[in-house]
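Everything below concerns the one structure shown next.
Atoms considered below: every heavy atom in the structure, side chains included; atoms not considered: hydrogens, waters and symmetry mates.
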Amino acid sequence: MTTSSRPEITAEVTEGVCRLLYHHEMACLTELRLGNGRRLDVLALGPKGELWAVEVKSSVEDFRVDQKWQSYLDYCDRFFFAVPMHFPKDLIPDDVGLIVADRFEAAIIRASAEKKLSAARRKKLLISFGQTAAGRVNKFSSKENVLG
């Protein structure tokens, strides 16, 4: 039995999260720099313009040293932590969503409460989301957009 490294676990959980959100009719972008300078693991855009932020935690240590996750709350309508199957779920705060995932599947264990973004922030995020996605597809854009 081999043990996966922290980056491998993060990649596998991220892949499972994106598969899950795709089945919820959401488009995902990974590794996004936000307007506050922080880097978000996954931002998902839904069919009605809703934005879900997902922060992936590969281990208990990864979760415990994270002092930045609350800075993501101003950039989404819903916020989730995504963790591997073996992660102790009781460590995740009750007031945020929880997704459990591996690279093949994922499940929303606890829904996130909805907190609507302001119209101005939503517009800025949606434009940046589209520009970032287009830049990644056509590879002509050498500048990574900053979201919101």
Side-chain angles (χ1 to χ4, degrees), residues 1-36 38-66 68-117 121-122 124-141 144-148:
M1 178 177 213
T2 61
T3 305
S4 297
S5 69
R6 184 170 155 183
E8 290 170 331
I9 293 169
T10 299
E12 290 172 2
V13 171
T14 300
E15 186 174 347
V17 165
C18 291
R19 285 178 194 270
L20 170 72
L21 295 177
Y22 172 79
H23 290 292
H24 283 269
E25 299 179 357
M26 302 189 89
C28 295
L29 288 176
T30 60
E31 300 290 324
L32 298 166
R33 179 124 356 248
L34 299 174
N36 61 7
R38 301 287 188 197
R39 187 189 43 77
L40 180 63
D41 293 321
V42 179
L43 185 64
L45 171 62
K48 296 179 182 174
E50 64 273 30
L51 292 160
W52 292 8
V54 182
E55 179 66 1
V56 175
K57 293 298 161 202
S58 61
S59 66
V60 171
E61 177 188 7
D62 184 21
F63 174 75
R64 288 198 171 135
V65 299
D66 184 350
K68 66 186 182 323
W69 69 268
Q70 292 178 328
S71 64
Y72 299 138
L73 300 177
D74 292 334
Y75 293 86
C76 60
D77 296 305
R78 296 182 188 269
F79 177 82
F80 295 83
F81 277 108
V83 298
M85 302 290 183
H86 63 276
F87 190 96
K89 286 107 188 125
D90 59 330
L91 289 180
I92 302 299
D94 291 333
D95 59 342
V96 299
L98 175 60
I99 297 172
V100 174
D102 62 23
R103 78 183 270 213
F104 300 107
E105 62 183 333
I108 297 174
I109 302 300
R110 181 174 58 238
S112 169
E114 186 176 41
K115 184 188 128 225
K116 290 281 190 182
L117 287 168
R121 173 66 55 90
R122 180 177 312 284
K124 191 170 184 180
L125 282 165
L126 291 174
I127 290 169
S128 294
F129 190 101
Q131 289 177 326
T132 300
R136 288 182 181 180
V137 168
N138 69 32
K139 303 196 192 241
F140 292 119
S141 173
E144 178 71 21
N145 288 320
V146 175
L147 294 179

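- When all heavy atoms of Cys28 and Phe129 are compared, the closest pair comes out as C-CZ, 4.4 Å.
- In plain terms, the two heavy atoms of Ser58 and Thr10 that are nearest each other are CB-OG1, 3.4 Å.
- To the nearest 0.5 angstrom, Tyr72 atom OH is 6.5 Å from Asp41 atom CG.
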Exercise. Checking side chain to side chain contact (heavy atoms under 4.5 Å, CB included) for the pair Asp95/Arg110: CA distance, chi angles, key distance, verdict?
Worked result: CA-CA 9 Å; Asp95 59 342; Arg110 181 174 58 238; over 6 Å; no

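- Surrounding CD of Glu114 are more than 12 heavy atoms belonging to other residues, nucleotides or ligands, all under 6.0 Å away.
- Residues Asp62 and Ser59 come closest through the heavy atom pair N-OG, 3.1 Å.
- Separation of atoms NE2 (His24) and CD1 (Ile108) is listed at 4.0 Å; rounding is to 0.5 Å.
- Formation of a donor-acceptor pair under 3.5 Å by the Arg103 side chain with backbone atoms of Ala11 is not found in this model.
- Here the shortest heavy-atom pairing between Asn36 and Ser71 reads ND2-O, 3.0 Å.
- Checked options Lys116, Arg122, Lys115; the residue passing with Asp77 is Arg122 (criterion: side-chain hydrogen bond (donor to acceptor under 3.5 Å, both in side chains)).
- Distance check: Ile92 CD1 to Ile109 CD1 gives 11.5 Å after rounding to the nearest 0.5 Å.
- Annotation: the span from Leu40 atom CG to Tyr75 atom OH amounts to 11.0 Å, rounded to 0.5 Å.
- Looking at heavy atoms from C-beta onward, Leu91 lies in side-chain contact with Arg64 at the 4.5 angstrom threshold.
- Surrounding CD of Glu8 are more than 12 heavy atoms belonging to other residues, nucleotides or ligands, all under 6.0 Å away.
- Rounding to the nearest 0.5 Å places CD of Gln70 at 9.0 Å from CZ of Phe79.
- Taking 4.5 Å as the limit, every side-chain heavy atom of Val96 sits out of range of all side-chain heavy atoms of Glu55.
- Contact between Ala106 and Val17 at its shortest, heavy atoms only, is CB-N, 4.2 Å.
- The line from CG of Asp102 to CD1 of Ile9 is 11.5 Å long, rounded to the nearest 0.5 Å.
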For this session: Begin with the C-alpha distance, continue with both residues' side-chain angles, and end with the deciding distance and a verdict on side chain to side chain contact (heavy atoms under 4.5 Å, CB included) for Val83 and Val100.
Result: CA-CA 5 Å; Val83 298; Val100 174; 4.1 Å; yes

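- The two residues Gly97 and Ser112 come nearest to each other via the heavy atoms N-CB, 3.6 Å.
- Using a 30° and 60° split on the angle between ring planes, Phe63 and Phe81 fall in the perpendicular class, above 60°.
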